[in-house]
There are 2 protein chains.
Amino acid sequence: MVDRKPALAGPDLPGTAGTKSARTRQRILDAAAHVLSRRGYAGTRLTDVAEVAQLQAPAIYYYFSSRDELIEEVMWSGIAHMREHVRAQLAALPAGASSLDRIDVAVESHLRYQLEISDYTTAAIRNAGQIPEQIRLRYVTEANRYGDVWRELVQDAVDDRVLHPDLDPRAARMLVLGALNWAAEWWNPRRGSLDQLIRTAKTLVRSGLSTGSEAGEASPAAPAPDTPAPAGPRRAGAAAR
Amino acid sequence: MVDRKPALAGPDLPGTAGTKSARTRQRILDAAAHVLSRRGYAGTRLTDVAEVAQLQAPAIYYYFSSRDELIEEVMWSGIAHMREHVRAQLAALPAGASSLDRIDVAVESHLRYQLEISDYTTAAIRNAGQIPEQIRLRYVTEANRYGDVWRELVQDAVDDRVLHPDLDPRAARMLVLGALNWAAEWWNPRRGSLDQLIRTAKTLVRSGLSTGSEAGEASPAAPAPDTPAPAGPRRAGAAAR
DNA sequence: TCGCGCATTTAATGTGCATTAGAACATCTG
DNA sequence: CAGATGTTCTAATGCACATTAAATGCGCGA
């Protein structure tokens, strides 16, 4: 009967760039990310999301067909954006950057994005273990794609013989990601600067991963540029496995 | 490890050691930890807890006055036990163990308890950021007490001049705990042995925290080179906060 | 100015779930 | 075996919240 539903889709829909409608949809997503990150999957009430987004709960159904669909999008787009951000920063590095320097950059951009920019990332991180099967699939896919970025970083370190031989690559990668992700749980701008945290994380990760011989701080240069725009010289072998 | 709780809220509380009643109460707590760790705070239904504990939901009210009280106990007792476990392992160490060796032991016992023994710990970890104020207090208190154990471990490393100078002690400590805690999110016994993970974590943490010069493996009685550090019993009061 | 589709609102509807009431069952004491 | 006390059940009660229905406001092209 009622078939006046806009062919809602992902973040695309060509013509609708800065449409008011598109902006409202975005506001709802942002609100959902905010609520989801502090209340958890089951605790995320549409009325709360609506309040943050400054509209009434039923209005959400004009943009999303269900609560789960809204949450699903927050979850996967959170990591998708994180991956995009980190990848851009890596791409901005000079072609000859060492594997450890690349890891440094990944550590910094991961932390910056997670703690400075995005509620989405914390929402995804905190609820990864709680979302039901239905929603999980797309999230897992994106999480794996982001994982691939790190898998490649670590693999490069192995290939360059700078990864500590006692480390299992997979475990090491997950432990590092855990250290970074967990920062969302405790870091508070009032108890220590983000730069301070980043410095510590870089040191910890670099000397933790690298073989003793190749320890010392390498080139502290290449202070990750802020603009994700410049598509510089990309790294060769993409998509590792 | 074995530490029967002094029934706090139940009915009367005589010297109930292995009482059937006490065991039922424990079963409910265990079930709640199990559900809480995978469904999250808001998603934890009393009917699910009851099902796991093999009884009907209203029976829970005989032992706990509300859902929140049950969850609160799971949350704080989770870390309380973790702390007890780690502390015991540390206490079993010979008096002369180096600060890095002590950290090694803490890493191992933390991971073992979290991944092998206890649903409580994962429940606490995953829900730390989602529980409402009301419940939070006691949890935070216990979390801080456990944090003190690590604060002391790291401080000892500083005193012994083995902590990498570029590291902010607080940030480093939280990053390490994050790496460990996060393991609950991804580690699966079928994709890699726990021993393997522990080995990697120890290596990563040890070489990540320590100053380059002091790399090698465990070594008994290898006190700091030139430090007037209080080499006496490490058991000084750490709390003070 | 009218009219028409998009956007959002107010007012139901229904279900799921914590919590309560009070009966039934079990176990222990004499 | 009585009956007292401890334990768990079945059957309400009531609220909170996702979702639906239907009405209203809004902007814009002729």
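Side chains included, hydrogens not; waters and symmetry mates left out as well; all remaining heavy atoms used. Keep in mind that this is a model prediction, so the values were computed, not measured. Chain letters run A, B, ... following the sequence lines, proteins first, then strands; residues in each count from 1.
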Extract from the structure each pairing of a protein N or O with an N or O of nucleotides 10-17 of chain C at less than 3.5 Å, listing the distance.
{"unit_1": "C:dC17", "atom_1": "OP1", "unit_2": "B:Arg45", "atom_2": "NE", "d": "3.3"}
{"unit_1": "C:dC17", "atom_1": "OP1", "unit_2": "B:Arg45", "atom_2": "NH1", "d": "2.3"}

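- Regarding A:Phe64, its CZ atom lies at a distance of 16 Å from the P atom of D:dT20, rounded to whole Å.
- Taking a cutoff of 4.0 Å between a charged side-chain nitrogen and a carboxylate oxygen, B:Asp148 and B:Arg151 qualify as a salt bridge.
- Checking each of A:Thr122, A:Thr44, A:Asp119 against A:Arg38 for a side chain to side chain contact (heavy atoms under 4.5 Å, CB included) leaves exactly one that passes, namely A:Asp119.
- Under 3.5 Å, the side chains of B:Arg199 and B:Gln196 contain a donor-acceptor pair of N or O atoms.
- The CZ atom of A:Arg27 sits 11 Å away from the C1' atom of C:dT8 (whole-angstrom rounding).
- Listed pair A:Thr24 / C:dT8 meets the phosphate criterion, a side-chain N or O lying under 4.0 Å from OP1 or OP2.
- Summarising the geometry, the separation between CD1 on A:Ile60 and C1' on D:dT20 is reported as 15 Å, rounded to the nearest angstrom.
- Applying the 4.0 Å criterion to OP1 and OP2 of D:dT8, one finds that B:Tyr62 has every side-chain N and O outside that range.
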Per-pair distances, 0.1 Å, donor-acceptor, side chain in residues 169-183 of chain A, under 3.5 Å, sequence neighbours excluded:
{"unit_1": "A:Asn181", "atom_1": "OD1", "unit_2": "A:His110", "atom_2": "NE2", "d": "3.1"}
{"unit_1": "A:Asn181", "atom_1": "ND2", "unit_2": "A:Leu177", "atom_2": "O", "d": "3.4"}

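- By the 4.0 Å N-to-carboxylate-O rule, B:Arg138 lies too far from B:Glu72 to be salt-bridged with it.
- In this structure, A:Ala42 and B:Lys20 both approach DNA chain D, and ranking their closest nucleotides by distance from the 5' end singles out B:Lys20.
- Phosphate contact (OP1/OP2 of D:dT19, side-chain N/O of A:Tyr61, threshold under 4.0 Å): present.
- One finds no side-chain N or O of A:Ser21 lying less than 4.0 angstrom from the OP1 or OP2 phosphate oxygen of C:dC6.
- Closest approach of B:Leu36 and B:Asn127 over heavy atoms only: O-ND2, 3.1 Å.
- Heavy-atom neighbours of A:Gln26 CD from other residues, nucleotides or ligands within 6.0 Å: above the threshold of 12.
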Identify all pairs in which a protein N or O lies below 3.5 Å from an N or O of nucleotides 28-30 of chain C, and state each distance.
none

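- The residues B:Asp195 and B:Arg112 are annotated as salt-bridged, a charged nitrogen and a carboxylate oxygen being separated by less than 4.0 angstrom.
- Going from atom CG of A:Leu55 over to atom C1' of D:dC26 covers 16 Å, rounded to whole Å.
- In this structure, B:Ala59 reaches the sugar-phosphate backbone alone: every heavy-atom distance under 4.0 Å involves primed, P, OP1 or OP2 atoms, never a base.
- When rounded to the nearest whole Å, the span between CD of B:Glu51 and C1' of C:dA18 equals 17 Å.
- A cation-pi arrangement is found for A:Arg67 relative to A:Tyr41, the charged atom lying closer than 6.0 Å to the ring centre and inside a 45° cone about the ring normal.
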